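Take a look at the structure below.
Keep in mind that the numbers below use all heavy atoms, side chains included, and drop hydrogens, waters and symmetry copies. A, B, ... follow the sequence lines: proteins, then strands. Residue 1 opens every chain. Here the structure is a predicted model, which is why all the values come from computation and not from measurement.
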There are 2 protein chains.
Amino acid sequence: MTYTLHRGDALTVLKTLPAESIHAVITDPPYNSGGRTSSDRTSRTARAKYVTSGSAHDLANFPGENRDQRSYRAWLTELLTESYRAAVEHTVAMVFSDWRQEPTTSDALQMAGWTWSGTIPWIKPASRPRKGGFKQAAEFITWGVKGTLDHSRDLYLPGHFIASQPRKDRVHITQKPVEIMQQLVRICPAGGTVLDPFTGSGSTGVAALREGRHFVGVELSDHYAAVAERRLQAELTQDDFVLAGPEE
Amino acid sequence: MTYTLHRGDALTVLKTLPAESIHAVITDPPYNSGGRTSSDRTSRTARAKYVTSGSAHDLANFPGENRDQRSYRAWLTELLTESYRAAVEHTVAMVFSDWRQEPTTSDALQMAGWTWSGTIPWIKPASRPRKGGFKQAAEFITWGVKGTLDHSRDLYLPGHFIASQPRKDRVHITQKPVEIMQQLVRICPAGGTVLDPFTGSGSTGVAALREGRHFVGVELSDHYAAVAERRLQAELTQDDFVLAGPEE
DNA sequence: ACGACCTATGAATCCCTGT
DNA sequence: AACAGGGATTCATAGGTCG
């Protein structure tokens with residue numbers, strides 16, 4: 001398996017990808033949520049919003065969290081349009097969002113040409129309680145297809161996930177559990193290429209390599225690009241080790 | 001506990017409800033103005049089903065179907081507006097939808113004046129697998145508040161539900177598990193009144209009575225109004241029985 | 001190996017204060 | 001008055017420690 005990690009702006013890099021080169025898009029854009037008013041959204045960094053005050057993480061901040069609702073949708077639409085262009089027929093795109101951004105996400109997905117085919121909840125059991133109401137315990141994976149699903153594949157994937165965010169060895173604020181990502185990348189045909197325009201710490205890529213898919217990623221931040229590079233490289237090395245050994 | 005069951009059109013009846021008479025709204029509207037069965041829903045063209053109101057597809061090639069989606073939103077907005085009028089401050093409204101209608105539902109909720117506060121997934125584990133993709137295993141409960149949540153209540157409710165649809169004794173196509181409804185009605189202060197403008201077979205009412213809340217329901221169909229009446233009446237009788245007996 | 005116990009934390013939310 | 005920023009609050013769960 002191989003991977004390519006581009007350092008730069010997602011939209012700029014996507015425009016350079018050749019058509020028909022991608023077989024699945026799996027990504028987690030900056031949500032741009034975190035407040036009812038635009039000032040709520042713009043006044044804080046992602047890190048301040050998403051990390052408990054007073055906790056002692058050593059996680060770097062990440063950019064891209066200062067758009068208002070309309071420009072967020074326009075921006076996401078353009079990203080998904082470029083991804084669509086680079087994708088082959090039957091490609092599935094999966095986009096993470098929180099409850100606030102789910103309607104915007106499904107709008108953008110459809111505006112970019114994808115056929116919206118479902119929304120998958122990811123339940124996080126260890127979430128904060130909320131006094132006087134229902135707690136917020138889920139994120140959502142909005143997915144769609146370029147054209148139609150490939151019904152010839154003998155593939156049956158789950159309709160929901162239940163998993164906690166990684167806690168130890170966590171390197172990114174919004175890092176996804178690799179066990180979930182491994183389920184998701186199976187939507188890509190074996191040997192195909194998975195695209196993640198917001199690579200972050202690279203969990204999508206790690207999952208893709210583990211499941212025998214190639215990976216193309218884009219990451220803006222130097223810090224996280226280096227982290228992802230390290231994780232992806234380690235994955236390849238470990239693969240070799242596993243292949244060489246008799247057990248596991 | 002008491003209940004009132006109106007037989008008639010939801011919007012017409014809602015307009016007659018006095019202001020400040022409702023302390024929670026919990027309902028499951030018909031997902032399309034037309035049919036309730038999945039065959040009714042799937043008989044529409046694929047393209048039309050996947051279009052979100054407010055998206056760019058409003059301009060696309062199916063004006064008739066789009067108008068249908070748009071008028072659904074307008075109709076739901078009016079219902080939620082009348083419910084809002086009848087509700088006291090701090091009232092919570094909860095509306096069931098499937099993944100296709102969730103964006104429209106949250107639009108309508110907000111257009112009616114409610115502050116959208118979250119979307120709760122209800123996972124149905126026993127759902128049919130889908131060849132070549134992810135199965136559709138969830139419905140969504142979109143909820144909002146009139147004003148702000150009452151933070152003085154010592155109440156912490158779950159952020160997701162996992163339950164299969166009732167199988168035996170099922171009297172309605174989209175009947176909800178009473179154990180879920182019992183959790184939901186707890187958002188209503190004890191002794192308050194729960195409103196369900198689409199009573200169906202009356203599960204919301206049954207749950208309300210069991211949890212010590214009053215119930216006001218509306219149902220258009222004679223058949224289901226009779227079913228609901230029977231179930232609600234049985235609930236009160238059983239309550240009496242329970243109260244009279246020494247054990248549970 | 002395993003259970004009982006303990007501690008830290010969460011893509012949060014609300015409210016108060018200072019500008 | 002509106003907005004930016006900081007601090008307190010809440011409990012189920014994960015993960016470690018200690019017998």
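- Each of A/A126 and B/L149 was matched to the nucleotide of DNA chain C holding its nearest heavy atom; the match closer to the 5' end belongs to A/A126.
- For the pair B/K135 and A/Y156, the cation-pi test (distance below 6.0 Å, angle within 45°) is failed.
- At least one side-chain nitrogen or oxygen of A/S164 sits closer than 4.0 Å to the OP1 or OP2 atom of D/dA14.
- Taking atom NZ of A/K131 as the reference point, atom C1' of D/dT10 lies 9 Å away to the nearest angstrom.
- Residue A/R167 places none of its side-chain N or O atoms closer than 4.0 Å to OP1 or OP2 of D/dG16.
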Handout entry: Full working for side-chain contact (heavy atoms from CB on, under 4.5 Å) between A/V194 and A/H23
Key = CA-CA 6 Å; A/V194 176; A/H23 309 88; over 6 Å; no

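- One can place CZ of A/R128 at 10 Å from C1' of D/dC11, the figure rounded to the nearest angstrom.
- When each of A/P166 and A/P129 is assigned the nucleotide of DNA chain D bearing its nearest heavy atom, the one mapping closer to the 5' terminus is A/P129.
- For A/D98 and C/dT13, the CG to C1' distance is 13 Å, given to the nearest whole Å.
- Regarding B/D150, its CG atom lies at a distance of 14 Å from the C1' atom of C/dC14, rounded to whole Å.
- The aromatic ring centres of A/F134 and A/W99 sit 6.0 Å or more apart.
- The interatomic distance linking A/I173 (CD1) with C/dT9 (P) rounds to 15 Å, in whole Å.
- Note: A/Y224 and A/H172 meet the aromatic proximity criterion, with ring centroids under 6.0 Å apart.
- Computed from coordinates, the A/K124 NZ to D/dA12 P distance equals 18 Å when rounded to whole Å.
- One can place CG of B/L157 at 12 Å from P of D/dC11, the figure rounded to the nearest angstrom.
- Dashed line: the shortest gap from a side-chain N or O of B/R153 to OP1 or OP2 of D/dT10 is not under 4.0 Å.
- Taking the nucleotide of DNA chain C with the nearest heavy atom to each of A/S127 and A/W99, the more 5' of the two is matched to A/S127.
- Here C/dC14 sits opposite D/dG7 as a Watson-Crick or G-U wobble pair (both hydrogen-bonding atom distances under 3.5 Å).
- Distances shorter than 4.0 Å separate none of the side-chain N or O atoms of B/H151 from OP1 or OP2 on D/dT10.
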Exercise for the section: Step by step, work out the salt bridge (Lys or Arg N to Asp or Glu O under 4.0 Å) result for A/K15 and A/E78. Expected result: CA-CA 10 Å; A/K15 286 181 197 290; A/E78 202 169 334; 3.3 Å; yes

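- Between C/dA12, C/dG10, D/dG16, one nucleotide has an atom nearer to the side chain of A/K168 than all others, and that is D/dG16.
- Distance CG (B/D154) to C1' (D/dT9): 13 Å, rounded to an integer number of Å.
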